[in-house]
Amino acid sequence: MRSPHHGRGHPTAPEQPHAGLGTGRPADSGGHGQHADADTHGQAMPHEHAHSAVDEDHQVHTHGEHAGHSTAMFKNKFWLSLVLSFPVVFFSPMVGHLLGYRLPEFPGSSWIPPVLGTVIFVYGGMPFLKGGLTELRSRQPGMMLLIAMAITVAFVASWVTTLGLGGFDLDFWWELALLVVIMLLGHWMEMRALGAASSALDALAELLPDEAEKVVDGDTVTVPVSGLAVGDVALVRSGARVPADGTITGGAAEFDESMITGESQAVPRGPGDTVVAGTVATDNTVRVRVEAVGADTALAGIQRMVAAAQESSSRAQALADRAAAWLFWFALTAGVLTAVAWTLLGSPDDAVIRAVTVLVIACPHALGLAIPLVIAISTERAARSGVLIKNRMALERMRTIDVVLFDKTGTLTEGAHAVTGTAPVPGVSEGELLAWAAAAESDSEHPVARAIVTAAGAHPEASRLGLRGTGFTAATGRGVTAVVEGTEVVVGGPNMLRERGLSTPAAIDATTLEWVERGAGVLHVLREGQVIGALALEDRVRPESRAAVAALQERGVKVALITGDARQVAEAVGADLGIDEVFAEVLPQDKDSKVTELQSRGMTVAMVGDGVNDAPALARAEVGIAIGAGTDVAMESAGVVLAGNDPRAVLSMIDLSRASYRKMVQNLVWATGYNVVAVPLAAGALAPIGIVLSPAVGAVLMSVSTIVVALNAQLLRRLDLDPARLAAVSSEGHRSTRRPAAVPAP
């Protein structure tokens, strides 16, 4: 049976009926809370949407050069363009001359390159042409504009040659085909590797039901959620989602608020309590008076914050785009200067030929593969270490992080109650205390009860006694009662003691006071009306957290903690882990502002969280890292998703970012270095001494550059990203890097 929550002692909210460790309001996000649609028992729910990080047919980037382009589109265009490119290259006179074979001749054979080349230009090159136009309009030249310029110049010059206009020999059909194919391959590889999913805003919208049951004159009428107005009363059945923000007017139920807080534990709500749209009534039916609809709801507010945060973080330009912008201006300037110089020298034909050659070879194939290859290999290595990279900028930015802001529950802590202390009165052993408490709690499914039963099962004496209770009853906010070995046993918090006119025995008072001061929940165990001891229950710190914090600090990265928990709870965890700064009692809507506060100090922030209320902060931070066991919205808002709850995985991301950035720079040096040498030669800078770069030689150099960057990217496969190894810090290292928890910033 499901038991009501125990009354647990809490230093800041002793009257709260929640399991004793919370304050009755959404605390911090974390834990194992998942956004899962419960059985609605007939209640209309949102349409199901399948989201998969590897479903490449539906992935799209919401920002940057790939905006509006799906992975499947690039894949399809690549394969068809590749097939068409074979005859274009084979029937190219320049390629035939370069490789020393005679082109087959038959009626229409000379039209194969221009016809198929035109198809490749229009079909395969369209994403680059559209992207280039967008970059041109926004006056932010990047990769798309550089590619668009090269293929457009090659297309026009090739048709001029094909039609015999001006007597120019500028047959670039084969170069056009290969450039489009390789660029399509690079973009497909990058998008497939990043595995971008649907936007966080869409995921937020899906948290609301499509319809609601409105109470009218005692009857219920099914209406669209948009049909609700402030003051209406809605019936929320067991398993259904709350359609709008409101106040409970009738009934009581435990609500799954994990979609907001990330907390896996249901929270009891009764008459007068507020509930948030999208949360789920798990066990009973309640009536809710609507207080806010549409843009006034909490979810709508979170949507606005996420949108604002995404907009602010989407303006950064990736390394490859910065290099492409530089190459664009370099090539354009070189092309214009070449045309002017040769014209002034009295060679207008050479002016056209040299200028066209410069503009065509200005976009090296290696540039299209330099970054995508590194990203593809990096994301593969990361995935093997339990890290899913969704955003290219996250991969680049992680190396510059100054501070990692961890959500507490379920990230640095285990996100579940555990018995962390026992205080039996004289004459009662620790095993007996646990055995009696576990016997009373054995029929309860409450998380605190499970923690007590688990602790008793792990204790040799308690498990040997094997006590079992009968006649289990529970009172919300008070405790549980059962008959064990013919004796009444009660387990409860301070409310239960006050009702019975009891107080904590002097023998254990100092111990329980210490527990309360550090924020632990306290339960007292009564046998035959007498207190026989007390238990401390806390959210236990993960063993991996200490290693993660110490290793981050060794790398020069500060560590901060953010939570909605009481200050003494947060500071106790912070002091235990040696965290640099603690933000406690932070309301869900204020987490975003804490990220902004750190950024205002000049820090680059990585945020680690898992609740819907973390979504704006995840989007606002330079790098958002979501816990894989968290909510869909958090994962959609983040650029990185950790498959598990191990905080040491952040180390893998930092080391990978640093290594991959080095490879990106090395590859760009090779790719752009080709241009630095080839463009002046193609422009005829050394023509006076008889050295001129022909298009054929330029193509060979371009191929060599591409091979070099491909081989260089493969070296990333040697990188070891095992989080346990990266966090393997000696005990001496732990002590030397341990810093006291800083007082939270005012």
Side-chain angles (χ1 to χ4, degrees), residues 1-9 19-21 31-32 264-266 410 413-475 478-493 496-497 502 504-505 507-512 514-516 518 520-545 576 645:
M1 64 175 287
R2 172 185 287 277
S3 67
H5 291 275
H6 292 67
R8 310 301 197 211
L21 305 179
H32 310 282
S264 57
Q265 300 167 21
T413 64
E414 294 180 350
H417 292 302
V419 176
T420 58
T422 57
V425 298
V428 178
S429 68
E430 180 181 272
E432 288 177 317
L433 177 64
L434 284 171
W436 286 100
E441 298 274 18
S442 59
D443 286 339
S444 173
E445 295 179 1
H446 193 279
V448 168
R450 296 297 92 202
I452 295 173
V453 172
T454 298
H459 194 284
E461 182 184 2
S463 59
R464 185 174 65 252
L465 290 174
L467 301 180
R468 183 73 181 179
T470 59
F472 172 86
T473 59
R478 304 299 186 271
V480 301
T481 303
V483 177
V484 182
E485 300 291 320
T487 300
E488 182 186 67
V489 176
V490 180
V491 181
M496 178 267 294
L497 288 185
L502 299 174
T504 304
I508 63 172
D509 187 58
T511 301
T512 58
E514 179 186 344
W515 292 344
V516 170
R518 75 172 188 238
V522 179
L523 284 179
H524 295 85
V525 182
L526 278 65
R527 183 176 62 189
E528 294 184 328
Q530 299 298 315
V531 177
I532 63 171
L535 304 174
L537 289 104
E538 295 175 274
D539 186 4
R540 181 178 293 157
V541 172
R542 294 182 183 278
E544 303 89 353
S545 297
D576 183 22
N645 291 347

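Since we're looking at a predicted model, the values are computed, not measured.
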Could you report the tightest heavy-atom contact between G469 and S442, atom names first, then the distance? N-OG, 4.1 Å
List the residues meeting salt bridge (charged side-chain N to carboxylate O under 4.0 Å, His left out) with R450, not counting sequence neighbours, and say none if there are none. none
Can you tell if the side chain of V483 reaches within under 4.5 Å of the side chain of V489, non-hydrogen atoms only? no
Nearest 0.5 angstrom please: T487 OG1 to E528 CD, how far? 4.5 Å
Could you go step by step and tell me if V531 and V525 meet the side chain to side chain contact (heavy atoms under 4.5 Å, CB included) rule? CA-CA 6 Å; V531 177; V525 182; over 6 Å; no
Counterpart residues, side-chain contact (heavy atoms from CB on, under 4.5 Å), relative to S429 (two or more places apart): E432, E461
Derivation of the salt bridge (charged side-chain N to carboxylate O under 4.0 Å, His left out) call for D443 and R468: CA-CA 9 Å; D443 286 339; R468 183 73 181 179; 3.1 Å; yes
Considering non-hydrogen atoms only, spot the tightest contact between V428 and P424 and give its length. O-CB, 3.2 Å
Do L535 and V522 come close enough that some side-chain heavy atom pair is under 4.5 Å? no
Stepwise, does the side chain to side chain contact (heavy atoms under 4.5 Å, CB included) test hold for M496 with L526? CA-CA 10 Å; M496 178 267 294; L526 278 65; 3.5 Å; yes
Check: residues 433-440 side-chain donor-acceptor pairs under 3.5 Å, at least two apart:
none

Can you see which heavy atom on W515 is nearest to which on G421, and at what distance? CZ2-C, 3.6 Å
Would you say E485 and L467 make side-chain contact, with heavy atoms under 4.5 Å? yes
I'd like to check the side-chain contact (heavy atoms from CB on, under 4.5 Å) partners of E488; sequence neighbours left out, ordered by chain and number. T481, V490, R500
Between A456 and A462, the two heavy atoms sitting closest are O-CB, 3.4 Å
Using 0.5 Å steps for rounding, measure from the CG atom of L523 to the CD atom of E441. 7.0 Å
Residues that T504 engages under side-chain contact (heavy atoms from CB on, under 4.5 Å), provided they are two or more places apart: L497, I508, D509, T512, H524
